[in-house]
Amino acid sequence: MSDSIRLQAIDQSLFDRVAAVARQKPRRRMNHNLHQESDLVQRFLNVLQPGTYVRPHRHVREQAGTGFECFLVLQGAIGLLIFDGDGQLIERHRLSATGPLRGIELAENQFHSLVALEPDTVMFELKQGPYQPTQDKDFLSAFPGEGSEQAEDQERSWRQLFATGHRP
């Protein structure tokens, strides 16, 4: 193999390593970047454990059409929650590695959150780069910040929306 070829394996061993780290983190999730911070396209694995709280947010960019976000579940399952600007839940979708819905692309400026429905859930995410931490997310103020007891309660109630037998 040529020294100039750079391959990054995306395999079960990688899933297992990142999931083990995510289980130990207070946030109960962990990214594994495939991109460099300055890359124009962000490509990464996002490993989530049940109990992780993702505060509802949207991605706002200056250039139209660049605030999209694409999710593809490779292992496990997530619940995707879509909110209006007032924080009202307007849609929910179960994405699962075993289908029928395995991925989704969100339009820019769409408020959303995620809940891990199975342990060691692995998603591949794709969005416009480069990553700018101070400008990446616009949070919905109607929801608690990470690390609070209210956030834990909120995450549990969202996860319950996807419990087996729960009717929409």
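Since the model is a prediction, treat every value here as computed from it, not as a measurement.
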Inset, instruction - Would you confirm whether Q49, through its side chain, and E118, through its main-chain N or O, come within 3.5 Å as a donor-acceptor pair? - result: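 The answer is no, because no donor-acceptor pair under 3.5 Å joins these two groups.
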Linking I/L/V/M/F/W/Y whenever their side-chain heavy atoms sit closer than 4.5 Å, directly or via other members, would [X] and [Y] fall into one cluster?
X    : Y    : value
I10  : V41  : yes
F44  : L48  : no
L126 : L72  : yes
L114 : L95  : yes
F68  : I104 : no

Side chains of [X] and [Y], heavy atoms from C-beta outward: is any pair under 4.5 Å?
X    : Y    : answer
P56  : F139 : no
L106 : I82  : yes
F111 : D84  : no
R159 : L117 : yes

Return yes if a side-chain donor-acceptor contact under 3.5 Å exists between [X] and [Y], otherwise no.
X   : Y    : answer
Q75 : D120 : no
E37 : Q42  : no
T52 : R29  : yes

Inset, instruction - Applying side-chain contact (heavy atoms from CB on, under 4.5 Å), run through L45 and L14 and close with a yes or a no. - result: CA-CA 10 Å; L45 299 180; L14 177 60; 3.5 Å; yes
Legend entry - Carboxylate-amine/guanidinium contact R156 E149, below 4.0 Å: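 Salt bridge: no.
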Legend entry - Check ion pair R27-E146 (N to O, under 4.0 angstrom):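 Looking at E146 together with R27, the answer is yes, because their closest N to O distance falls below 4.0 Å.
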Inset, instruction - Drop me the distance from H35's NE2 to Q8's CD, to the nearest 0.5 angstrom. - result: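 Going from NE2 on H35 over to CD on Q8, the span is 10.5 Å.
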Inset, instruction - May I ask you to check whether H93 and H112 place their ring centers less than 6.0 Å from one another? - result: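 For H93 and H112, the ring centres are not under 6.0 Å apart.
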Inset, instruction - With sequence neighbours left out, write down each residue that passes side chain to side chain contact (heavy atoms under 4.5 Å, CB included) with Q154, or none if nothing qualifies. - result: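 For Q154, the residues satisfying side chain to side chain contact (heavy atoms under 4.5 Å, CB included) (neighbours in sequence not counted) are Y53, F143, S157, W158.
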